[in-house]
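Some notes on the structure that comes next.
All residue numbers refer to positions in the sequence shown, counting from 1.
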Amino acid sequence: MPFISAVSDANSVLESSPTEAVAAEARIGLISRPRTLAPWLFYDETGSQLFEEITNLPEYYLTRAERSIFATNADEIIERASRVNGNRLPPTLTLIELGAGTATKTGILLAAAVCRQGTVVYQPVDVSVTALEAATRNIRANVPGVTVRCQVADYTTQPLPENRLPNTRTLALYIGSSIGNFTPDLATGVLRNLRAQLLPGDQLLLGTDLGPGPGKEVATVLAAYNDAAGVTAAFNRNILDRLNRELGANFNSEAFAHRAIWNEAESRIEMHLASLAAQRVRIPANSAGDALNLRFSPDETAHTENSYKFTLNRVKDLLASASFHLTHTWTDPRHYFAVNLATAI
Ligand code: AVI
């Protein structure tokens with residue numbers, strides 16, 4: 001799951017219990033100006049279900065485009081990730097997935113890996129136990145030959161599983177454009193943290209959403225975050241409902257409008273919650289401090305998410321900033337999305 005605040009800040013917040021982390025994050029974000037609410041707050045049980053719904057929306061092209069790239073190129077992806085220089089034995093790949101969720105697209109890559117090497121060890125890492133249970137059920141039912149070893153962890157702060165066998169190579173999957181939910185500096189930090197746990201020659205498969213350009217209108221990107229059925233609006237407002245449920249706050253989430261805007265200068269979609277009127281909200285005293293009495297003026301916003309959109313050059317530079325060398329990129333026929341393979345150097 002993505003986080004937007006500084007990795008070091010997120011560390012200290014997330015090391016506490018879930019409710020304490022929510023209380024601390026809400027306090028830090030809601031007293032700052034402009035107000036913010038970190039996007040990891042989206043993903044309680046309701047938010048995770050809403051996100052699953054988003055991935056099936058007609059406007060949310062990202063999931064379909066990435067899945068189609070896997071469906072067309074899975075064998076080549078696995079072959080390239082296994083490639084060696086010279087005449088050494090090809091390594092056996094172990095697949096680790098950061099922020100695996102329910103692993104719906106990953107089965108395509110796992111099936112290709114089983115086809116190539118007979119069996120495969122798959123290690124999904126996620127903060128959500130429920131998502132990992134669903135991932136395990138899904139992979140066990142659909143891809144024979146896979147040994148699933150789950151790890152409940154926040155991959156931005158906690159170490160990845162480590163039990164490497166001889167002649168194995170790690171293929172780390174960081175797909176779904178989750179990297180796009182970090183500012184550029186933090187994105188480099190997340191990839192450096194990953195790189196520090198890999199060996200030279202290990203591989204990273206990075207999914208990135210591409211920015212508007214020839215054949216991809218700004219309106220297409222915007223619609224993905226402002227769907228007609230209002231699911232993304234519900235996903236955004238769920239942060240406020242979550243603060244009510246978990247902290248006893250008294251937000252009226254319907255009194256906040258979902259706003260998605262395209263920030264051209266930063267090449268990102270921003271999501272905000274905008275107060276529809278002058279209103280007061282109270283969050284009772286909790287582990288993070290005294291009660292908070294918040295006053296929202298009409299149209300005052302809380303910034304909830306950034307979703308960066310990339311050029312291929314930007315992807316290459318980002319990878320290089322974390323000591324990965326980009327070796328191949330696959331895109332869908334409309335050039336909406338890119339799947340990038342890189343080697344740890
Ligand atoms: C998880 N992440 C890549 C999604 C995105 O597209 O930035 C989260 C999301 N926010 C609104 N819709 C989907």
Exercise. Can you name the nearest heavy-atom pair linking A103 to N138, along with the distance?
Worked result: O-ND2, 3.3 Å
For this session: Could you tell me whether the side chains of R282 and N293 share a donor-acceptor contact shorter than 3.5 Å?
Result: yes
Problem set entry | Any residue meeting side-chain hydrogen bond (donor to acceptor under 3.5 Å, both in side chains) with H335, in chain and number order, not counting sequence neighbours | T331
Exercise. Listed by chain and number, what are the side-chain hydrogen bond (donor to acceptor under 3.5 Å, both in side chains) partners of E300, not counting sequence neighbours?
Worked result: R35, S297
Exercise. For residues D185 and T183, is any side-chain donor paired with an opposing acceptor at under 3.5 Å?
Worked result: no
For this session: Apply salt bridge (charged side-chain N to carboxylate O under 4.0 Å, His left out) to D44 and list each qualifying residue two or more places apart in sequence or on a separate chain.
Result: R245
Exercise. With distance as the sole criterion, is a donor-acceptor pair present between the side chains of S68 and D332 under 3.5 Å?
Worked result: no
For this session: For residues T46 and F51, determine if any side-chain heavy atom of one lies less than 4.5 Å from a side-chain heavy atom of the other.
Result: no
For this session: Would you tell me whether Q279 and N252 have side-chain atoms, one donor and one acceptor, within less than 3.5 Å of each other?
Result: no
Problem set entry | Pair T188-S321, side-chain donor/acceptor within less than 3.5 Å | yes
Exercise. Can you find a pair of side-chain heavy atoms, one from F256 and one from L276, that are under 4.5 Å apart?
Worked result: no
For this session: Would you please name every residue forming a ring pair (Phe, Tyr, Trp, His ring centres under 6.0 Å) with F42, sequence neighbours left out?
Result: F235
Problem set entry | V339 and F70, any side-chain heavy atoms less than 4.5 Å apart | yes
Exercise. Looking at residues at least two apart in the chain, or sitting in another chain, which of them share a ring pair (Phe, Tyr, Trp, His ring centres under 6.0 Å) with H258?
Worked result: none
Problem set entry | Set of residues satisfying side-chain hydrogen bond (donor to acceptor under 3.5 Å, both in side chains) with respect to E97, sequence neighbours excluded | T106, Y122
Problem set entry | side chain to side chain donor-acceptor pair (under 3.5 Å) contacts in which one or both residues fall within residues 189-201, not counting sequence neighbours | none
Exercise. CD1/I69 to CD1/I77 distance, rounded to the nearest 0.5 angstrom?
Worked result: 8.0 Å
Exercise. Any side-chain donor paired with an acceptor under 3.5 Å for S178 and N181?
Worked result: no
For this session: Let me see the working for T102 and E52 under side chain to side chain contact (heavy atoms under 4.5 Å, CB included), right down to the final yes or no.
Result: CA-CA 9 Å; T102 52; E52 281 297 309; 3.2 Å; yes
Seminar exercise, completed: Y308 meets the ring pair (Phe, Tyr, Trp, His ring centres under 6.0 Å) criterion, sequence neighbours left out, with none
Seminar exercise, completed: For A100 and D126 the tightest heavy-atom approach is N-OD2, 3.2 Å
Exercise. Any link between L240 and I31 through a network of hydrophobic side chains (Ile, Leu, Val, Met, Phe, Trp, Tyr) touching at under 4.5 Å?
Worked result: yes
Exercise. Could you give all pairs that pass the side chain to side chain donor-acceptor pair (under 3.5 Å) test and reach residues 208-221, with sequence neighbours left out?
Worked result: Y61-D209, Y61-K216, T208-N340, D209-K216, D209-K309
Problem set entry | Point-to-point distance, once rounded to the nearest 0.5 Å, from CD of E25 to CD1 of I239 | 9.5 Å
For this session: Considering non-hydrogen atoms only, spot the tightest contact between A113 and V120 and give its length.
Result: CB-CG2, 4.1 Å
Problem set entry | Flag, side chain of D227 to backbone of E59, donor-acceptor distance under 3.5 Å | no
Exercise. At their closest point, which heavy atom of P184 faces which heavy atom of R314, and how far apart are they?
Worked result: CB-NH2, 3.5 Å
For this session: Would you mind reporting whether T156 and F182 have side-chain heavy atoms less than 4.5 Å apart?
Result: yes
Exercise. What's the spacing between L204 CG and L319 CG if we round to 0.5 Å?
Worked result: 6.0 Å
Seminar exercise, completed: Contacts of W262 meeting ring pair (Phe, Tyr, Trp, His ring centres under 6.0 Å) (sequence neighbours excluded), chain-then-number -> none
For this session: For A23 and S287, work out which heavy atoms get closest and say how close.
Result: CB-OG, 4.2 Å
Problem set entry | Pairwise salt bridge (Lys or Arg N to Asp or Glu O under 4.0 Å) hits with a residue in residues 336-345, at least two apart | none
For this session: Please examine the side chains of T301 and D299, heavy atoms only from C-beta on, and report whether any two atoms are closer than 4.5 Å.
Result: no
Exercise. Are L160 and L194 side-chain neighbours, meaning at least one heavy-atom pair lies under 4.5 Å?
Worked result: yes
Problem set entry | Partners meeting side-chain hydrogen bond (donor to acceptor under 3.5 Å, both in side chains) with R169 (sequence neighbours left out) | none
